[in-house]
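Working notes, beginning with the structure itself.
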Amino acid sequence: MPELPEVETVVRDLRPLVVGRTVLGVEVGDRALRKPWDAAWVGRLAGVTIESIRRRGKWILLDLSGGARLIVHLGMTGQFTAVPTLALRPDHLHVVFTLSGLVELRYRDIRRFGSVVLVADEATAMASLDAKLGPEPFDIPPDGFHAAVTGTARTLKALLLDQSLVAGVGNIYADEALHRAKLHPETRGTQLTRPQVNRLREAITAVITHAIEKRGSSIRDYVGGSGLKGGFQDEFRAYGRTGEPCPTCGVPIERVRVAGRSSHFCPQCQRVAKSR
DNA sequence: CCGACGTCCTGCTAGC
DNA sequence: TGCTAGCAGGACGTCG
């Protein structure tokens, strides 16, 4: 569910609620998440203080006193919220951190595609993330991006979903960026001209930035770290708007399957480049 | 090596 | 009303 803007919103919401608090206890459900929970982690977490919280791509990092790092991924349906300890507990709760100050930090995930992992230190955390993640959307190197895009025959949709090209873009913002850049999702990287690559890069940055300002998009499950919904779903130009008029030209938005994901585009504004 | 595709899991909705 | 096929904000393993 959550892409970079949603994850960023969760982190910003959680920051004032959890930073400075101490972990008094951890409860773990018996249903497995994407990555296995190590029973030794409960003891290791007891008594540590949450010093800061940040994001890299779609991954959340909690910096803990003593150096350990908690790495959280929300998958498709994950929710990471801080609530009063007395608040009713919903189902599908998998990890609950009891914090000082009568606050609970809760990881909830219906489909269990997400993960909660503890690593020993900063170096281990960053090594695992940097190994698979490209730059953040705000500092994509123009030359490197151009080389990566034009050097592959993959479709633009597959490229944007690849976290090693740019970290944090998912299905929604891939479609939205392609619409803004006026590029068809099935266009091949090798077909793009330099100006088109630049347009795509700028569209990614713009869409992600704008979506963060709107606290991300809430379609079904997504809520921020304090349980609040996002607002960018009202600004979609293509995603989920099959049959509705393109905001640019009025032609109905179409949907096709690309890279295994449903992709929404305007058949008028986003033509597939003719491969010679 | 690269690119395409299946799989993990649960819940909701459209359509019959 | 009841059932089922299909679909859903992701990541990763496997196959050709």
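Computed from heavy atoms alone, side chains included, the values below leave out hydrogens, waters and symmetry copies. Below, chains carry the letters A, B, ... as their sequence lines are ordered, and counting in each starts from 1.
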Practice task
In whole angstrom, give the distance that lies between atom CD of A:E3 and atom C1' of C:dG10.
Solution key: 9 Å

Exercise for the section: Return the set of residues passing ring pair (Phe, Tyr, Trp, His ring centres under 6.0 Å) with A:Y239 (not counting sequence neighbours), or none when no residue passes. Expected result: A:F236, A:H264

Exercise for the section: Could you encode protein contacts along nucleotides 1-8 of chain B as a string, one character per nucleotide from 5' to 3', using B for base contact, S for sugar-phosphate-only contact and - for no contact, with a heavy-atom cut-off of under 4.0 Å? Expected result: --SS---B

Problem - Whether A:Q270 side chain and A:H184 backbone form a donor-acceptor pair below 3.5 Å - result: no

Exercise for the section: With the side chain counted from C-beta on, respond yes when A:D63 and A:R54 share a heavy-atom pair under 4.5 Å apart, and no when they do not. Expected result: yes

Handout entry: Cationic N near anionic O, under 4.0 Å, A:R215 to A:D13
Key = yes

Exercise for the section: Check every strand shown and say whether A:Y239 touches a base, only sugar-phosphate, or nothing at a heavy-atom separation below 4.0 Å. Expected result: sugar-phosphate

Exercise for the section: Compare side-chain N and O positions of A:R257 against OP1 and OP2 of C:dA8 and report whether any pair is under 4.0 Å apart. Expected result: yes

Problem - Euclidean distance, atom CZ of residue A:R108 to atom C1' of B:dT10 [Å, nearest integer] - result: 11 Å

Problem - Contact under 4.0 Å: A:Q163 side-chain N or O vs C:dG10 OP1/OP2 - result: no

Problem - salt bridge (Lys or Arg N to Asp or Glu O under 4.0 Å) contacts in which one or both residues fall within residues 244-264 of chain A, not counting sequence neighbours - result: A:R241-A:E244

Practice task
Would you please name every residue forming a side chain to side chain donor-acceptor pair (under 3.5 Å) with A:Q268, sequence neighbours left out?
Solution key: none

Grab the N/O contacts between the protein and nucleotides 11-16 of chain B below 3.5 Å, and write none if there aren't any.
unit_1 : atom_1 : unit_2 : atom_2 : d
B:dG11 : OP1    : A:H92  : NE2    : 2.9

Exercise for the section: Please state whether the phosphate of C:dG6, meaning OP1 or OP2, lies under 4.0 angstrom from any side-chain nitrogen or oxygen of A:R255. Expected result: no

Problem - Whole-Å distance separating the CG atom of A:L74 from the P atom of C:dA11 - result: 10 Å

Exercise for the section: Give A:S262 one of three labels, base, sugar-phosphate or nothing, depending on what nucleic acid heavy atoms sit under 4.0 Å from its own. Expected result: sugar-phosphate

Practice task
Return no unless some side-chain N or O of A:K132 is found under 4.0 Å from OP1 or OP2 of C:dA11.
Solution key: no

Handout entry: Between P of C:dG10 and CG of A:L165, the distance in whole Å
Key = 15 Å

Handout entry: Under the 3.5 Å Watson-Crick or G-U criterion, the dot-bracket string of DNA chain C, with | for inter-strand pairs
Key = .|||||||.|||||||

Completion exercise
Sorted by chain and number, sequence neighbours left out, side chain to side chain donor-acceptor pair (under 3.5 Å) with A:K157 holds for A:N171, A:D175, A:S263

Completion exercise
Residues pairing under salt bridge (Lys or Arg N to Asp or Glu O under 4.0 Å) where one sits in residues 40-53 of chain A, two or more places apart or in two chains, turn out to be none

Practice task
Return each pair, listed once, that meets salt bridge (Lys or Arg N to Asp or Glu O under 4.0 Å) where at least one residue sits in residues 19-37 of chain A; pairs must be two or more places apart or across chains.
Solution key: A:E27-A:R89

Exercise for the section: Nearest whole angstrom, please: distance from the C1' of C:dA11 to the NZ of A:K35. Expected result: 9 Å

Practice task
Return each pair, listed once, that meets salt bridge (Lys or Arg N to Asp or Glu O under 4.0 Å) where at least one residue sits in residues 176-189 of chain A; pairs must be two or more places apart or across chains.
Solution key: none

Exercise for the section: May I ask you to decide if A:A125's main-chain N or O and A:S128's side chain share a donor-acceptor pair within less than 3.5 Å? Expected result: yes

Practice task
Measure up the A:Y107 and A:H94 rings against each other and bin them: parallel (under 30°), tilted (30 to 60°), perpendicular (over 60°).
Solution key: tilted

Exercise for the section: To the nearest Å, give me how far apart CE (A:M76) and P (B:dT10) are. Expected result: 14 Å

Problem - ILVMFWY clustering at 4.5 Å (side-chain atoms), partners of A:F265 - result: A:V256, A:V258

Exercise for the section: Could you tell me whether A:E6 and A:K58 make a salt bridge, using a distance below 4.0 angstrom between a side-chain N and a carboxylate O? Expected result: no

Any N/O pairs under 3.5 Å between the protein and nucleotides 13-16 of chain C? List them or say none.
none

Handout entry: Value in whole Å for how far the C1' atom of C:dA11 lies from CG of A:L33
Key = 14 Å

Handout entry: Spacing between A:D175 atom CG and C:dG10 atom P, to the nearest angstrom
Key = 10 Å

